[in-house]
There are 2 protein chains.
Amino acid sequence: MGPQQRRDEVAEGVLAEKINHLLSRLYPEKESRPGYAKLAGQIREQTGKAMSATYLWELASGRKRNLTQDTLVTLAEFFGVPAEYFLDDVVASRVDAQLDLALALRNQKVRSIALRAEGLSDDTLDALLAMVTEARRIERLGPATDSGEPRPERDE
Amino acid sequence: MGPQQRRDEVAEGVLAEKINHLLSRLYPEKESRPGYAKLAGQIREQTGKAMSATYLWELASGRKRNLTQDTLVTLAEFFGVPAEYFLDDVVASRVDAQLDLALALRNQKVRSIALRAEGLSDDTLDALLAMVTEARRIERLGPATDSGEPRPERDE
DNA sequence: ACAGGGCATCCGCTAAAGCGGACGGTTGCT
DNA sequence: AGCAACCGTCCGCTTTAGCGGATGCCCTGT
């Protein structure tokens, strides 16, 4: 339904801001915070994987933004966050519909209906759709927030 | 019925195997399975993002294996799995149990029905459930693979 | 004043992600 | 037979993730 704007302290948005957020969380005091060279060294030592100072800076400054699977896992491991942390924001721009769906599927019966509707013919689906819509009207529920799928969003 | 451990060895952490697994889940009968060209077309159409036939093949055959964030999200969205599926093996096996549901929801009409069924009274849901089950019998489809109930965790 | 270490930033390189356009092989249709 | 459509596979190309090695700026110590 609503894109609940959660404003913890987590900077929503670009990957660079997430990384900076994680960095300043790891080193709250600006003074003690090491440079990118030492940070990269820590990452290498702690995760056993590769990480260069230059690249770390490029990420933090937003010059590179399309991480690779390996790098993603490495950073997630170092910062102690699930790898999803770097992804869910990208997903977030598209999951408003999914969120409603996930919510609806909390009901076991709704889920069973969805499962059994799969594979039925188009005509039957139309009939069922009409029924459930009518039932919704009878029970005086508001119209479902039906978000279409072909989102002609073109950017990036 | 139970979310038992499938005997078909699921992806040992190799990306190619996960992709092939998802592909054969999407198209169980190999007769109807389109080639990589058409599959890439579907991905492009459904997600609105880019995906080439060549690259899809390279992934499925294991020639390229270090996905980028963008590609990761695109594939996850298309297959209806969380992006972590490709990152975390534990998540992968857990999600496999829910794949039937995700598969069913790929049909827009089924999705609409599920959305509109949410909030209806229990009695109405029972009636609808009976209808859709009956429709399934009439159209001579096998009984829906109603897996137990892994909870749809989604919060925070 | 000078030396030196740590810092952010830049430059140029390599390896690989990702794609377009081939090439042959099989299938089915007329 | 021919053809058209589809398939998997390969090749070559552009882009960019990712890194090593400068460069120059601030420090602090001597």
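Worth saying up front: this structure is predicted, and the values here are computed from it rather than measured. What's counted below: heavy atoms across the whole structure, side chains too, no hydrogens, waters or symmetry copies. Protein chains get the first letters and strands the later ones, always in sequence-line order, with residue 1 at the start of each.
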Can you check side chain to side chain contact (heavy atoms under 4.5 Å, CB included) on A/Q69 and B/L87, steps first, answer last?
CA-CA 7 Å; A/Q69 210 178 337; B/L87 301 172; 3.3 Å; yes

Stepwise side chain to side chain contact (heavy atoms under 4.5 Å, CB included) test for B/L22 and B/L75:
CA-CA 10 Å; B/L22 287 173; B/L75 288 180; over 6 Å; no

Apply side chain to side chain contact (heavy atoms under 4.5 Å, CB included) to residues A/L128 and A/V132 and explain how you reach the verdict.
CA-CA 6 Å; A/L128 282 167; A/V132 66; 6.0 Å; no

Decide side chain to side chain contact (heavy atoms under 4.5 Å, CB included) for B/E77 and B/Q46; before the verdict, give the C-alpha distance in whole Å, the side-chain angles of both, and the deciding distance to 0.1 Å.
CA-CA 9 Å; B/E77 184 180 348; B/Q46 187 176 330; 5.9 Å; no

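Nearest-nucleotide positions on DNA chain D for B/N66 and B/G35 put B/G35 closer to the 5' end. Mapping B/R33 and A/R44 onto DNA chain D by nearest heavy atom places B/R33 at the nucleotide closer to the 5' end.
Whole-Å rounding puts the A/K64 NZ to C/dT9 C1' distance at 13 Å. Computed from coordinates, the B/R65 CZ to C/dA16 C1' distance equals 10 Å when rounded to whole Å. Atoms CD1 (B/I43) and P (C/dG18) sit 12 Å apart, rounded to a whole Å. Rounded to whole Å, the distance from CG on A/L23 to C1' on C/dC7 is 15 Å.
Cluster membership for A/Y27 and A/L56, using ILVMFWY side-chain heavy atoms within less than 4.5 angstrom, is shared.
Residues from residues 49-62 of chain A placing a heavy atom under 4.0 Å of any atom in DNA chain D, listed by number, are A/A50, A/M51, A/S52, A/T54, A/Y55, A/E58.
Between A/K64 and A/E58 there is a salt bridge, with a side-chain nitrogen of the basic residue lying less than 4.0 Å from a carboxylate oxygen of the acidic one.
For A/R63, the CZ atom counts as loosely surrounded, since its 6.0 Å shell holds 12 or fewer non-hydrogen atoms of other residues, nucleotides or ligands.
Between the side chain of A/K38 and the base of C/dG6, no donor-acceptor pair of N or O atoms lies under 3.5 Å.
Contact check for B/L26 versus B/F78: side-chain heavy atoms found under the 4.5 Å cut-off.
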A correct 5'-to-3' footprint of nucleotides 24-29 of chain C, with B, S and - meaning base, sugar-phosphate only and no protein heavy atom under 4.0 Å, is ------

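Interface limits on DNA chain D: the 5'-most and 3'-most nucleotides within less than 4.0 Å of chain B heavy atoms are D/dC6 to D/dC11.
No donor-acceptor pair under 3.5 Å is formed between the side chain of A/N66 and the backbone N or O of B/T68. Without hydrogens or angle criteria, A/R44 side chain to A/K49 main chain gives no donor-acceptor distance under 3.5 Å. Without hydrogens or angle criteria, A/T71 side chain to A/L67 main chain gives no donor-acceptor distance under 3.5 Å.
Across all strands, B/R63 comes closer than 4.0 Å only to sugar-phosphate atoms, never to a base (heavy-atom distances).
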